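Written below as structure tokens is the structure these notes are about.
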Number of protein chains: 2
Amino acid sequence: MNKPKNLPRRTVGLRRIAEDLGISISLVSKVLSGKLGTSGAQESTIRAIREKALELDYRKNRLAEALRTGRQNVIAVCVHRHGEVGSDIVEEMVSGIAAEAAEFHQRLMILYYNTPEEFREFVPEVHRNAVDGVILGGLPHAELLDELMDWHSHGLPVITIHDGQLNPALPNVGIDQVEVGRLATRHLIDQGCRHIAHFRLGPNAESRLAFKGDHMSPDQRYEGYRQALRESGLSRPASLLVDVSGYNYAAGREGVQALFDRKARFDGIVAISDQHAAAALNHLVANRRQVPQEVKLIGVDNSPFCQFAIVPLSSVSQEFTSRGRQAVRLLMAEAQGEKVSSVCVEPVVYARESSAAS
Amino acid sequence: MNKPKNLPRRTVGLRRIAEDLGISISLVSKVLSGKLGTSGAQESTIRAIREKALELDYRKNRLAEALRTGRQNVIAVCVHRHGEVGSDIVEEMVSGIAAEAAEFHQRLMILYYNTPEEFREFVPEVHRNAVDGVILGGLPHAELLDELMDWHSHGLPVITIHDGQLNPALPNVGIDQVEVGRLATRHLIDQGCRHIAHFRLGPNAESRLAFKGDHMSPDQRYEGYRQALRESGLSRPASLLVDVSGYNYAAGREGVQALFDRKARFDGIVAISDQHAAAALNHLVANRRQVPQEVKLIGVDNSPFCQFAIVPLSSVSQEFTSRGRQAVRLLMAEAQGEKVSSVCVEPVVYARESSAAS
DNA sequence: TTGTAAGCGTTATCAC
DNA sequence: GTGATAACGCTTACAA
């Protein structure tokens, strides 16, 4: 008995405005959505409608609009975040996506997953009847390509935010990893380093296994490191190249330890993650080596904790906020039927004390 | 000419199933949504419908469902994240919200904001015609209470994730900050500390200004610190209480420096953030003080970077993932018309090397 | 046990 | 210039 039928409708829709003004719904619709076409309408009517809408605090029901137009105004966002703790890249990416989605009046369906199984549980929710497209971020996972292509072939735009594209059909908002390695190394050279070590993902590294397609190579940063050294005519002794087992802190610690064990002479380390850089820093300091005076360090991701290290850490940013925004724009474009292709952004060096010139 | 009218409809809806089976839409609807009521339907029909749905890969159009039922299946999430860099509490909260929202088939409209102005730009988007409710997280901001109450009075459930509730009408998923301070202090006592310093938000701290209502006090952790000391019969000399200017790294550094300047004798520090703890740690190490042997440290938030500090930092977690999930559940309950009230979760101590017994 | 019909709020087509 | 009408896909009385 809590729904008396004779009370005035509570929700304010086009109908309410039309009734109050004694005109037709369609006219109100045309005026309020700015689709008067060639014909136009009477100035006074337009004003009246606008005022009434304001007075009643009218907001378009986007659900009804979507139902009518066949769009959903929902973007599925799938984020694989395993192993990136502390880097904040996931938060950066999601906040970029959220910000741009808001501008396009898109809602988000977010899945944070750690395993392919968790991802697959989500798959049935992602469908033409529920979302307009999919953005896939975080670590790439070749295993999931089938599902992605399946969505794609059902007409669902799929945009990835990985280093490079998984498949030519899926536009990617990438970043040039060779350039990441090159810029980092270049920076240390510019700061005066001449014997620069590099932590590279070893052949058996767990993270390497995720990349089993040929679409992406974990050796690109290493390639950039080599390029930078070559450009400056610096040598690259084998003793300065360390294979590590992953991107995490423990791997970074192994890395410096290896340099110590080899009694290698080095005045800089280009790490492939901030965790590496932090581990290297802590180990160096514990062994009474001065950073940056004796050894300069640079990592990757520009993680927040770079600022809280015992010597603030320099780092190369992968620009995830901006890439999140771009992914939404690409998705919207593709949903409009435009032909879009992969883009690539430039990494940015954030210099801090760990690489200060001495 | 790309929409030939005589081709079969591409979208699979109830209608398509009904037509294929030569039965009525409503029957299909009832079967598929499990609302057959008392009467039921023929076993064979039910099976046929189920099979057809599977065959055609039918998914309910949640938009249409929502339009019909008057719900939106959208939750607005507003996150004030100013000044919490690196703690990951925002990401924890959002991922908790996202996970629970997925289970309830709710979409998210996310606003990350830094200033009240950014928040207010978003306000018009939040409306009965667009969302079913609002979750407000991150730093509390008393200035925004008017808008929140306005939503509430328009029948929109508003749930906050703050320390304590902003207003009795707005259910909050809180945490007992007295307990945060008490557990942290208790932990150091248990580990053998007897002269425990505490960093407290000073009377002119910027962060304090956000709390101008009487709904929350930044002194609760301090109160917990006092309680714990009292419980153990430990003294609390004024020299061990340091007023700092905020939660950030710089403030933490000021804090330890003050202890040094006073030549205070201390064997433990209860900080009110991990940034404080990190700053204290780095400063202590730089001054050749051994952590944890001479001084034990504990922070708050259990930030990822606790693991990457030169001595891994102990910390008290504010359990944001779980609180995000709970907020969604409260919101769903309130949207169902249930009467819900604020809840409070227990903080959890994560012990690491910085507070190891010596 | 099954079907009919009204309606959610919007947009688009076409007629007046 | 303006309005009637159908349709988007679904739910739910109510009727058969």
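Small disclaimer: the values here were computed from a predicted structure and weren't measured. Every chain is numbered from 1 and lettered A, B, ... according to where its sequence line falls, protein lines coming before strand lines. All heavy atoms count here, side chains included; hydrogens, waters and symmetry mates do not.
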Practice task
Report which part of the nucleic acid A/Leu63 touches: base, sugar-phosphate, or nothing (heavy-atom distance under 4.0 Å, all strands).
Solution key: nothing
Exercise for the section: Using whole Å, report how far CD of A/Gln72 lies from C1' of D/dG9. Expected result: 10 Å
Problem - Protein-nucleotide distance (B/Arg16, atom CZ; D/dC10, atom P), rounded to Å - result: 13 Å
Handout entry: Whole-Å gap separating P (D/dG9) and CG (B/Asn73)
Key = 18 Å
Practice task
For B/Leu56 and D/dG9, give me the distance from atom CG to atom P, rounded to whole Å.
Solution key: 14 Å
Exercise for the section: Write down the distance between CD1 (B/Ile23) and P (C/dT4), rounded to a whole number of angstrom. Expected result: 12 Å
Fill in the blank from the handout: Residues passing the side chain to side chain donor-acceptor pair (under 3.5 Å) test with A/His105, sequence neighbours excluded, are B/Glu125
Completion exercise
Sorted by chain and residue number, the side chain to side chain donor-acceptor pair (under 3.5 Å) partners of B/Ser24 (sequence neighbours excluded) come out as B/Ser26
Exercise for the section: Report the residues that fulfil side-chain contact (heavy atoms from CB on, under 4.5 Å) with B/Ala99, sequence neighbours left out, ordered by chain and then residue number. Expected result: B/Arg325
Exercise for the section: Taking only the side-chain nitrogens and oxygens of B/Thr45, find out if one of them lies under 4.0 Å from OP1 or OP2 of C/dT2. Expected result: yes
Practice task
To the nearest Å, give me how far apart CD (B/Gln42) and P (C/dG3) are.
Solution key: 11 Å
Exercise for the section: Could you check how far CD of B/Glu43 sits from P of C/dT2, rounded to whole Å? Expected result: 10 Å
Exercise for the section: Look at all strands and tell whether B/Leu67 reaches a base, only sugar-phosphate, or nothing, counting heavy atoms closer than 4.0 Å. Expected result: base
Practice task
Heavy atoms under 4.0 Å is the rule here; annotate nucleotides 10-16 of chain C 5' to 3' with B where the base is hit, S where only the sugar-phosphate is, and - elsewhere.
Solution key: BBB----
Problem - Those residues that, when tested against A/Arg47, pass side chain to side chain donor-acceptor pair (under 3.5 Å) (two or more places apart) - result: none
Handout entry: Heavy-atom donor-acceptor pair, A/Arg323 side chain to A/Val173 backbone, under 3.5 Å
Key = yes
Run the side-chain donor-acceptor check on residues 333-345 of chain A: report pairs under 3.5 Å with partners two or more places apart or on a different chain.
from, atom 1, to, atom 2, distance (Å)
A/Ser342, OG, A/Gln165, OE1, 2.5
A/Ser342, OG, A/Asn172, N, 2.9

